[in-house]
Structures are given as structure tokens and as C-alpha cells.
There are 2 protein chains.
Amino acid sequence: MYYLSRMSTSYTEENYLKAIYKLQESNGETVATSTLAQVMGVHAPSVTDMLKRMAGKKLISYQKSKGFKLTEKGKQVAVDIIRRHRLWEVFLVDKLGFRWDEVHTIAEELEHIQSSPLVDKLDAYLGYPKADPHGDPIPDANGVLPKSRSVLLSSLKAGKAGKFTGVSDHSVSFLNYLDKMGISLGDTIKIKHVEDFDKTYTLELKGKKPAVVSHKVANSLLVIEQ
Amino acid sequence: MYYLSRMSTSYTEENYLKAIYKLQESNGETVATSTLAQVMGVHAPSVTDMLKRMAGKKLISYQKSKGFKLTEKGKQVAVDIIRRHRLWEVFLVDKLGFRWDEVHTIAEELEHIQSSPLVDKLDAYLGYPKADPHGDPIPDANGVLPKSRSVLLSSLKAGKAGKFTGVSDHSVSFLNYLDKMGISLGDTIKIKHVEDFDKTYTLELKGKKPAVVSHKVANSLLVIEQ
DNA sequence: ATATAAAATTAGATCGGTCTAATTTATTAT
DNA sequence: ATAATAAATTAGACCGATCTAATTTTATAT
Ligand SMILES: [Mn+2]
Ligand SMILES: [Mn+2]
Ligand SMILES: [Mn+2]
Ligand SMILES: [Mn+2]
């Protein structure tokens, strides 16, 4: 007997679905057992088991020893969870005053709360935000996720500038680093120089003295060229 | 491998602890297996199993075939969950605009979100409320739950009046009934007459015409005599 | 005090989600 | 094409939370 008669998708399944969705987005259509095991922090046989259960529920399509991918139904659930996750993150930052590096783990739980009216009202309460505190786009109530036009700062030539719109590295340490450097979403970042020797970037930020950052940093910042 | 390394108390244990706490509050010190099974909506052997697990964690003290009761540790967890539940209910009503009859089931899930900073910030954001939307007192951050001075309206003599401070029946149907009758928390309710024959109450509410309600209703309203 | 009824526990099973060890299947290199 | 390596699956187990059926313990009634 379950208190939250979730019935449909379990907590765990939702986390798998989200992970598969993100892997499909970045690493192409089909996903490998070992890859998923790694990002889920479980061992391969656990994934195989879970795949069978989820295939039974028509959340993924799965051919033994070939890869697997989300069905339309699975994709819908995944996007819905992502929507919830990002809305809660906005709530935590905008309303409760958390820092952007603190909200991910809390949202990782909140995203599973079972109630559509809750999500809708939260969305309205937050003013229908388009992006979460890390710049990631928030799918709308119909599951439509606006395609981002952002590119990595590292893809821009020296001399070009871009508006900082998001991060591709969501780690606490990177977010803290950006805070320390005074680099915030919305800032305009100009590439003054790219050092040929070690690929360090010299960046110019409005009203600040130039900053030298590693290639890794330039490769973790999403911008819209301007 | 668990994503929310809850470790300490599981979702399910927390629901059991809360139920035991409430049973101890109303039905005296020790609780019976069958009673708990009934309120948890499970069968008796499930309770026996759970009791063993919880006794192992020192959340309850348990003597086989005698009753059981919460330890100090168990009581602390229970009160903390109650605090979270009631704070979330305030959030849902005050901030998101839910009705008081809609929030219980959602809070039943939200109460388990693992994060003390979250609860503290929520508390602050809500302005440190003293009671939830049903008039139930909210334990403070130290787990201190103010003792209520409310009594059942049915305990008052005809002619007396009281301020409506809470309900002892939390069912959706009763809450809807009160809405329909225009009876809201904070209202002053005067007992005009108690019919000897069938114990119906004639109530006077400020600015409204007298209402006749059953004994069951008078027995579900908490008031502070005035 | 003994029989009967009620409450609680034990025994044995299932299910979701995980593990390790063993095996099978697919990929890669020579 | 065959052998070696890597990836995936199967087999068998565990844990938490539940169930039903059988048994034991406690309470109640005569
Ligand atoms: Mn999650
Ligand atoms: Mn985010
Ligand atoms: Mn609950
Ligand atoms: Mn309440």
C-alpha cells in the first residue's frame, strides 16, 4: 500500500528517464547501458533490470544488447520532470533566497512531488519564468522546450563578445568560481585574447578589470554572440 | 544506491512516526499494533515488521505483544515532520492560492523533503506562522509545539461564544461544508440554542443569519471561549 | 479456571531496486 | 577470420515494505 498512489512512474524511474533524456540530447539517439549506469551511480545489472521494467511500461524502447531510447511517453515524463526541477530551482533562488549553487540537490527531490496543479500554480506564482537560475530553459506546460541559441564561449573568436546565458558545467565548484570572479548571468563577456600556448582566455567584463581564465572555463560558459 | 542519501529515516518510517505521535497524543501513552495498522492503511503484520525495524533504530520502544511508544528521538523526528507538513500547507494556501481542503495530500509528500535550510527559509519566508490553514499549531525550529487552549464547541454551554480556531475533523467534506456555511477561522461563534431532543446547535455568526448544525459539527469545531 | 474470541506475531511470499559473480554477446585488433 | 577485450545480460542474493495464512499470545466471558 502506497501513500502517494503514484502508480504511474516511481521516483527512481523518473530519475532514470531524466538521465536518459539528457544522454540522448547530448550523445545522440540511443544510449548504452554502461553510460547510464555511470551517470546514475549504479552498476550495469541494475540498469538492465530497470530497462526491462521501463520497457514493460512503454517508457523506453529496448532491444537486448543493442541500445535503448525513450518512447514519446517516456520523453513526455522526462520533460515534465525537468520542468518541475527548474521551476523549483527558480522558487528556491527567487523566493527563498538560496544561492544558485545550493538548489540543485533540493530540486532533485522536489521535482518528484506528484501534483499537476501544484506545478501550474508554482509556475504562475513565479511569473512563468523562461529559464532557471543556471540559465537552462524551462519547458512550458505542454512540454515544449525552447531550443537554445547559445554557444560555448570557447567557440567564439578573439575580439568577439557574447551575453552570458548559461553554464554547461553545473558543479558547485564551478558556480562558486564564477561568483568569486564576479561573472553573472546576463553579463556581456568579450574575448580580448586567446593565448595560443595554453589556450587561456583574457576576458573583458563591463566595469571590471580583465580576467584570465582557463580553456575549461571558456568551455563551460554558454553565450549568445552579439 | 539512493539518490537522496536519506540514510536516517525513510519516507515510510516518517509517516509511521507521525501516525504514532498523533495516536499517542489522543489515545494515551502506548499504541496498539491494530490501531496503527488501521490508520496507516496496512495490515497488522506489516506494522509488526516496521516496529522491529524502528525499534532497531531506537525510534520507538517496543515490547513484544505489549504496546509501543516513541522514544525521545522518535518524537523529535515526528514533530519535525509535523512542522514541515504545516509550513508547506501555509505556503500552498498563502502563496500559491490553494484552498484549505486541497493542501493536505500535497503536504503529505512535501513534508519528506530532506533539507533543514529549506524548512528554515520557508518558515522565514512565510513570516514564522504560528498555525497552519486548519488552525493547527506549528512547532518551532526547536520542536516546541505550543499547547493549544482550544476546546470543542460542543463543550460550551448554550449562551456562550467562542472564537473559531481550528477543526478536529480535517476531512475535505467537512472543510467544504464549512466553506458552504461561510464559517471561517477567526470567526466568533455564539451558541444560541442546543436542542435537547437531537443535540442540534443553533449558532450565531457575526453578520449572518443563525445556522443550525448537527452535534457532529459542533464536535468538530475548536474554539477559544470568550 | 477454562473456553472462546481478539490481537499480535511468525512463516513464507512478492515486488522494486539494488548488489556481486558468472556467462553471453558484441566490438576491436591482429 | 580468429582471438582478445569490452559491454551487456543472467543467475542468485539482499533489503525495505508490503501481503496472506498459520500460529501464538493476551483479553474476555461464562
Ligand atoms: Mn530526482
Ligand atoms: Mn538548473
Ligand atoms: Mn507523508
Ligand atoms: Mn493542516
Side-chain angles (χ1 to χ4, degrees), chain A residues 1-20 23 27-69 74 77 108-109 112 114, chain B residues 1-20 23 27-69 74 77 108-109 112 114:
Chain A
M1 212 278 185
Y2 286 107
Y3 313 102
L4 12 154
S5 74
R6 182 170 300 271
M7 215 47 255
S8 35
T9 46
S10 76
Y11 226 84
T12 310
E13 281 169 338
E14 290 178 355
N15 286 330
Y16 272 88
L17 290 172
K18 207 173 48 157
I20 297 170
L23 286 172
N27 303 17
E29 269 303 278
T30 70
V31 180
T33 303
S34 51
T35 314
L36 183 53
Q38 203 207 308
V39 320
M40 291 300 294
V42 300
H43 291 225
S46 312
V47 170
T48 302
D49 273 13
M50 182 53 96
L51 291 178
K52 287 178 189 166
R53 277 191 292 271
M54 293 200 300
K57 292 187 179 183
K58 305 260 189 269
L59 293 167
I60 59 165
S61 66
Y62 171 53
Q63 284 187 293
K64 197 162 102 177
S65 287
K66 317 286 180 185
F68 48 90
K69 58 180 173 181
V77 175
E108 202 57 47
E109 291 191 56
H112 304 290
Q114 264 313 57
Chain B
M1 212 281 184
Y2 286 106
Y3 313 104
L4 14 153
S5 74
R6 182 169 299 272
M7 215 48 252
S8 35
T9 46
S10 75
Y11 226 84
T12 310
E13 281 170 338
E14 289 178 355
N15 286 330
Y16 272 88
L17 289 172
K18 207 173 49 159
I20 297 170
L23 286 172
N27 303 18
E29 268 305 278
T30 69
V31 180
T33 302
S34 52
T35 315
L36 183 54
Q38 203 206 307
V39 320
M40 290 300 295
V42 299
H43 291 227
S46 312
V47 170
T48 303
D49 272 13
M50 181 53 95
L51 291 178
K52 287 179 190 165
R53 278 191 292 271
M54 292 200 300
K57 292 187 179 184
K58 306 262 189 264
L59 292 166
I60 59 164
S61 66
Y62 172 53
Q63 285 187 291
K64 196 160 103 175
S65 288
K66 316 287 181 184
F68 49 90
K69 59 180 173 182
V77 176
E108 202 57 48
E109 291 190 56
H112 303 289
Q114 264 314 57

Enumerate, atom names and distances included, each donor-acceptor pair closer than 3.5 Å involving a side-chain atom of residues 27-42 of chain B, sequence neighbours excluded.
none

Item to complete: Select base, sugar-phosphate, or nothing to describe what B:Y62 touches, counting heavy atoms under 4.0 Å on all strands.
Response: sugar-phosphate
Practice prompt. With heavy atoms under 4.0 Å as the rule, sort B:T33 into base, sugar-phosphate or nothing.
Written response: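 Since only primed, P, OP1 and OP2 atoms lie under 4.0 Å of B:T33, the category is sugar-phosphate.
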Worksheet entry | Partners passing side-chain hydrogen bond (donor to acceptor under 3.5 Å, both in side chains) against B:K69 (at least two apart in sequence or in another chain) | none
Any side-chain heavy atom of [X] within less than 4.5 Å of one from [Y]?
| X | Y | value |
| --- | --- | --- |
| A:L59 | A:R53 | no |
| B:S8 | B:Q114 | yes |
| A:V77 | A:E13 | no |
| B:N15 | B:H112 | yes |
| A:T9 | A:K57 | no |

From [atom1] of [X] over to [atom2] of [N], roughly how many Å is that when rounded to an integer?
| X | N | atom1 | atom2 | answer |
| --- | --- | --- | --- | --- |
| B:L59 | D:dG16 | CG | P | 13 Å |
| A:M40 | C:dG17 | CE | C1' | 11 Å |
| A:Q63 | D:dA8 | CD | C1' | 14 Å |
| A:Y11 | C:dG17 | OH | P | 13 Å |
| A:L51 | D:dT9 | CG | C1' | 11 Å |
| A:D49 | D:dC15 | CG | P | 17 Å |
| A:L36 | D:dA7 | CG | C1' | 14 Å |
| B:M50 | D:dA17 | CE | P | 4 Å |

Worksheet item: Which nucleotide sits closest to the side chain of A:R53: D:dC19, D:dA17, C:dT18?
Response: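 Nearest listed nucleotide: C:dT18.
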For residues 44-51 of chain B, please give each side-chain donor-acceptor pair under 3.5 Å, one per line with the distance, not counting sequence neighbours.
{"unit_1": "B:S46", "atom_1": "OG", "unit_2": "B:H43", "atom_2": "O", "d": "3.3"}
{"unit_1": "B:T48", "atom_1": "OG1", "unit_2": "B:A44", "atom_2": "O", "d": "3.4"}

Worksheet item: Would you say B:T12 reaches D:dG16's phosphate, i.e. side-chain N/O to OP1/OP2 under 4.0 Å?
Response: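 For B:T12, the contact criterion (side-chain N or O under 4.0 Å from OP1 or OP2 of D:dG16) is not met.
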Worksheet item: Would you say a side-chain N or O of A:Y16 is under 4.0 Å from OP1 or OP2 of C:dT18?
Response: yes
Atom pairs under 3.5 Å: protein N/O with N/O of nucleotides 20-24 of chain C:
{"unit_1": "C:dT20", "atom_1": "OP2", "unit_2": "A:H43", "atom_2": "ND1", "d": "2.7"}

Fill in: Five-pair end axes of the helix from C:dA1-D:dT30 to C:dT30-D:dA1 and the angle they enclose, rounded to 10°
0°
Polar-atom pairs under 3.5 Å, protein N or O versus N or O of nucleotides 24-29 of chain D: list them with distances, or write none.
none

Discussion item. Testing the basics here: between A:Y62 and A:K52, what is the closest heavy-atom pair and its distance to 0.1 Å?
Written reply: CE2-CG, 4.3 Å
